[in-house]
Amino acid sequence: MARELIKEALSKALAAAREAGEVPGDLGVEAELRPPRDRRWGDISTNLPMVIASAANLNPRAVAQAMVARLDLPEEVVQKVEVAGAGFINFTLSPEWLRGVVRRVLTEGENYGRSDAGGGKKLLLEFVSANPTGPLAVVQGRAAAIGDTLANLLAHTGWRVSREYYVNDATNSTQVRRFAETLEARYLQHFGREAAVPEDGYQGDYVVEMAEELVKEQGERYLDMEPEERLSALTEYSLQRIVESQRRDMQAFGIEFDTWFLESSLYENHEVEATMDALKAGGYTYEAEGALWLRATELGDEQDHVLVRRDGRPSYLAADIAYHRNKFERGFDRLVDIWGPDHHGHITRLKAGVQALGYDAGRFEILIHQIVRLFRGSEMVRMSKRAGDIVPLSGLVDDVGKDAARFFFLMQSMESHLDFDLELAKKQAADNPVYYVQYAHARICSILRSAEEKGISLPEIEAVDLDLLGEPEELELMRKLADLPEEISQAAARYEPHRMTRYARELASVFHVFYTKCRVLGDDPALTGARLAMVTAARTALGIVLRILGVSAPERM
RNA sequence: GCGCCCGUAGCUCAGCUGGAUAGAGCGGCUGCCUUCUAAGCAGCGGGUCGGAGGUUCGAAUCCUCCCGGGCGUGCCA
């Protein structure tokens with residue numbers, strides 16, 4: 001890779017400059033090596049001279065000159081090196097090297113851009129994990145898109161990734177109980193019995209619908225049961241139905257979890273108990289006001305938290321600590337959770353619990369994504385499962401399609417609020433950026449079909465004269481292809497999946513420009529062969545990116 | 001009150017571990033289809049980077065304070 005070469009040449013030049021006494025000894029500085037802000041300045045740029053100058057109180061341009069004078073880089077890789085601005089060194093890659101990228105993409109195929117940064121280590125990525133008290137909402141779609149794409153990125157960079165969905169199906173959960181009570185009320189109401197939805201119950205119509213289905217399936221079976229028995233039966237029924245619907249929603253959204261982890265299993269296997277015992281043994285608990293508390297304040301939290309309620313039911317936190325203990329015990333090297341913004345307050349206490357158990361909190365990361373605000377035109381839609389004004393993810397997918405929805409969710413960084421206008425998403429489906437990218441892919445496929453019809457086939461890569469590729473539009477396209485491995489590494493390492501939608505649009509853009517300017521299937525067979533090789537490489541790269549995003553790569557549009 | 005996220009073009013947002021002339025998409029206006037898909041391309045406009053101080057050779061980026069929006073701060077999950 002050109003980056004590595006440049007990096008090495010820089011450090012050698014720096015060492016030589018030090019020996020000559022032009023630059024002081026080890027300053028412990030770290031410099032960047034990245035594309036300059038304006039690509040006309042070159043392909044790769046470093047601020048190293050400025051960083052050195054800053055630490056040693058020298059003139060940055062002088063340091064840059066001293067280093068450039070000692071740089072030793074092969075001409076077939078780097079065409080031009082220059083000092084620019086306040087003290088940058090800019091490198092322009094040679095056309096020869098760029099052409100080599102085409103060969104590399106064609107050789108590596110689907111594996112182009114892979115790295116072994118993760119070293120085959122095991123990583124558990126938990127995401128969505130919505131309460132089983134209603135259909136998945138739009139905000140969970142955001143979590144799903146972020147999580148799935150991040151999982152793809154991490155897998156692409158050498159991690160063994162497991163996708164996991166945590167099902168809060170514990171029957172001692174207050175919310176699960178409220179939901180069952182709501183269903184019960186709706187069920188009884190169907191038969192004209194006096195029954196009210198609990199004050200903090202679920203107002204949504206979907207509960208009424210579920211009750212109707214229940215009547216259809218089971219008739220009057222629960223009508224005259226003992227209340228506690230009925231409630232427990234309805235709890236089981238609703239949990240099963242809702243989890244099933246969530247699973248269907250995720251499938252329709254193109255996401256397959258490796259594991260649907262049941263909170264109830266933690267109770268069945270006495271892991272919650274065992275976890276509480278371990279916390280007690282470690283001296284991190286105390287009893288007060290009839291409850292068992294976690295000494296979270298000793299572990300960086302602002303307040304202590306209840307682990308076991310006065311009535312003996314473990315809290316959500318207790319189960320969650322047990323759950324993460326379970327994750328560590330399953331042998332994962334790294335744990336990553338993606339949570340919604342409403343769980344932000346939960347981070348410190350869970351980490352406190354994990355630390356109290358003696359696990360390395362540095363191997364456990366929690367990412368918070370921000371909310372999705374839904375608009376119908378200019379009117380904001382308030383969403384609350386309990387109030388019943390819910391816009392289901394399935395409805396969104398039906399409206400705008402899986403591809404557009406996933407792409408849209410990933411166009412913004414996760415820490416930024418996302419405004420989603422339902423009307424606009426529907427009305428402008430054809431203008432959605434996802435089509436811009438998919439169209440580039442379809443166009444390439446169209447060229448390849450056309451070539452086939454004309455009896456032109458892609459020559460063996462050894463037989464292609466890539467030196468014929470020299471138009472500015474061609475060089476731009478190859479430059480962008482060359483960027484892909486670094487884009488993937490950065491997006492994965494920084495947990496920033498939204499970078500990939502940006503890159504996808506850039507890659508599509510340089511292709512569209514090339515397409516407008518240059519003809520692939522022309523009169524010159526050699527040039528045609530070279531361009532066929534290049535657009536085939538572009539298709540491969542686009543395909544990789546779209547697969548990472550979970551967006552389909554259509555051959556026709 | 002305290003904690004976290006956000007405030008950048010008309011709209012939606014990138015850029016934020018300090019670096020060059022602050023970018024993109026959408027919307028607006030103007031051109032481009034005999035030839036591999038016009039769901040495309042080219043061009044024109046568009047900015048007190050919420051405000052005020054500070055650190056620095058250099059601040060959208062770091063620090064302090066303030067303003068505005070959102071979320072959290074349960075023996076709910």
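Labels below follow one simple rule: chain letters A, B, ... track the order of the sequence lines, proteins then strands, and each chain is numbered from 1.
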message = Are F420(A) and F408(A) an aromatic pair, judged by ring center distance below 6.0 Å?
response = yes

inquiry  = Quick check on RNA chain B: between M50(A) and G290(A), whose nearest nucleotide comes earlier from the 5' end?
reply    = M50(A)

query = What's the CD-P distance between E302(A) and U73(B), to the nearest Å?
reply = 12 Å

remark   = Counting primed atoms, P, OP1 and OP2 as sugar-phosphate and everything else as base, the B/S/- map of nucleotides 8-18 of chain B against protein heavy atoms under 4.0 Å is ----SSSS-B-

key: Sugar-phosphate only, base, or nothing, as touched by E289(A) at under 4.0 Å among non-hydrogen atoms   = base

request  = With heavy atoms under 4.0 Å as the rule, sort P36(A) into base, sugar-phosphate or nothing.
outcome  = base

task = Tell me what R37(A) touches on the nucleic acid: a base, only sugar-phosphate, or nothing, going by heavy atoms under 4.0 Å.
result = sugar-phosphate

ask   = Are Q303(A) and G74(B) close enough that a side-chain N or O sits under 4.0 Å from OP1 or OP2?
value = yes

ask   = Is the H344(A) to W339(A) ring centre distance short of 6.0 Å?
value = no

task = Taking the six-membered ring for Trp and the single ring otherwise, decide whether the centroids of Y166(A) and Y323(A) are under 6.0 Å apart.
result = yes

inquiry  = Within the 4.5 Å heavy-atom criterion, are T149(A) and R406(A) side-chain neighbours or not?
reply    = yes

message = Using a 4.0 Å heavy-atom cut-off, does V513(A) contact any base of the nucleic acid, only the sugar-phosphate backbone, or nothing at all?
response = sugar-phosphate

task = Write down the distance between CD1 (I368(A)) and C1' (C6(B)), rounded to a whole number of angstrom.
result = 15 Å

message = Classify N90(A) by what it touches in the nucleic acid, base, sugar-phosphate, or nothing, heavy-atom distance under 4.0 Å.
response = base

query = For the pair made of OH in Y515(A) and P in U35(B), what is the distance, rounded to whole Å?
reply = 10 Å

Presence of salt bridge, K480(A) and E506(A), under 4.0 angstrom = yes

note = The nucleotide from C36(B), U21(B), C2(B) with an atom nearest the side chain of W41(A) is U21(B)

ask   = Reckon C445(A) touches a base, only the sugar-phosphate, or nothing at all at heavy-atom distances under 4.0 Å?
value = nothing

ask   = Between K327(A) and D337(A), does at least one N-O distance fall below 4.0 Å, as a salt bridge requires?
value = yes

Proximal nucleotide (of A39(B), C75(B), C36(B)) relative to the S450(A) side chain = C36(B)

ask   = Side chain of Q175(A): nearest nucleotide among A38(B), C76(B), G19(B)?
value = C76(B)

ask   = Just checking R349(A): base, sugar-phosphate only, or nothing, at a heavy-atom cut-off of under 4.0 Å?
value = base

request  = For this output row, return yes or no: ring centroids of Y316(A) and H346(A) closer than 6.0 angstrom.
outcome  = yes

message = Before we go on, tell me: are the rings of Y439(A) and H512(A) under 6.0 Å apart, centre to centre?
response = yes

task = Let me know the distance between NE2 of H305(A) and C1' of G72(B), rounded to the nearest Å.
result = 12 Å

task = Round to a whole Å and report the spacing from CZ of F407(A) to C1' of C26(B).
result = 14 Å

request  = May I ask you to say what L521(A) touches in the nucleic acid, namely base, sugar-phosphate or nothing, with a heavy-atom cut-off under 4.0 Å?
outcome  = base

query = Counting any heavy atom closer than 4.0 Å, what does E453(A) reach on the DNA or RNA strands: base, sugar-phosphate only, or nothing?
reply = nothing

note = In Watson-Crick or G-U wobble terms, with both distances under 3.5 Å, the base opposite G74(B) is none

task = Both distances under 3.5 Å, Watson-Crick or G-U wobble: report the partner of G23(B), or none.
result = C13(B)

message = Any N or O donor-acceptor pair under 3.5 Å from the base of A20(B) to the side chain of S45(A)?
response = yes

request  = Measure from the side-chain heavy atoms of Y436(A) and tell me the nearest of U73(B), G40(B), A20(B).
outcome  = G40(B)

query = Is NZ or CZ of R443(A) both nearer than 6.0 Å to the six-membered ring centre of F511(A) and within 45° of the ring axis?
reply = no

task = Indicate whether OP1 or OP2 belonging to A77(B) is found under 4.0 Å from a side-chain N or O atom of R309(A).
result = yes

key: Nearest-Å distance once atom P is located in both G27(B) and G40(B)   = 10 Å

request  = For S509(A) and for Y316(A), locate the closest nucleotide of RNA chain B by heavy-atom distance; then report the residue assigned to the nucleotide nearer the 5' terminus.
outcome  = S509(A)

request  = Decide side-chain contact (heavy atoms from CB on, under 4.5 Å) for M411(A) and T501(A); before the verdict, give the C-alpha distance in whole Å, the side-chain angles of both, and the deciding distance to 0.1 Å.
outcome  = CA-CA 6 Å; M411(A) 285 201 306; T501(A) 54; 4.2 Å; yes

inquiry  = Among G40(B), C75(B), A77(B), which nucleotide has an atom closest to any side-chain atom of S173(A)?
reply    = A77(B)

message = Expressed as a whole number of angstroms, how long is the span from L48(A):CG to G19(B):C1'?
response = 13 Å

note = When rounded to whole Å, the CZ to C1' distance for the pair F88(A) and U21(B) reads 12 Å

request  = Report the distance from atom CD1 of I366(A) to atom C1' of C4(B), rounded to the nearest whole Å.
outcome  = 13 Å

request  = Give none if U34(B) has no partner; otherwise give the nucleotide forming a Watson-Crick or G-U wobble pair with it, both distances under 3.5 Å.
outcome  = none

task = Could you work out the separation of A52(B) and G7(B) based on their C1' atoms and round it to a whole Å?
result = 16 Å

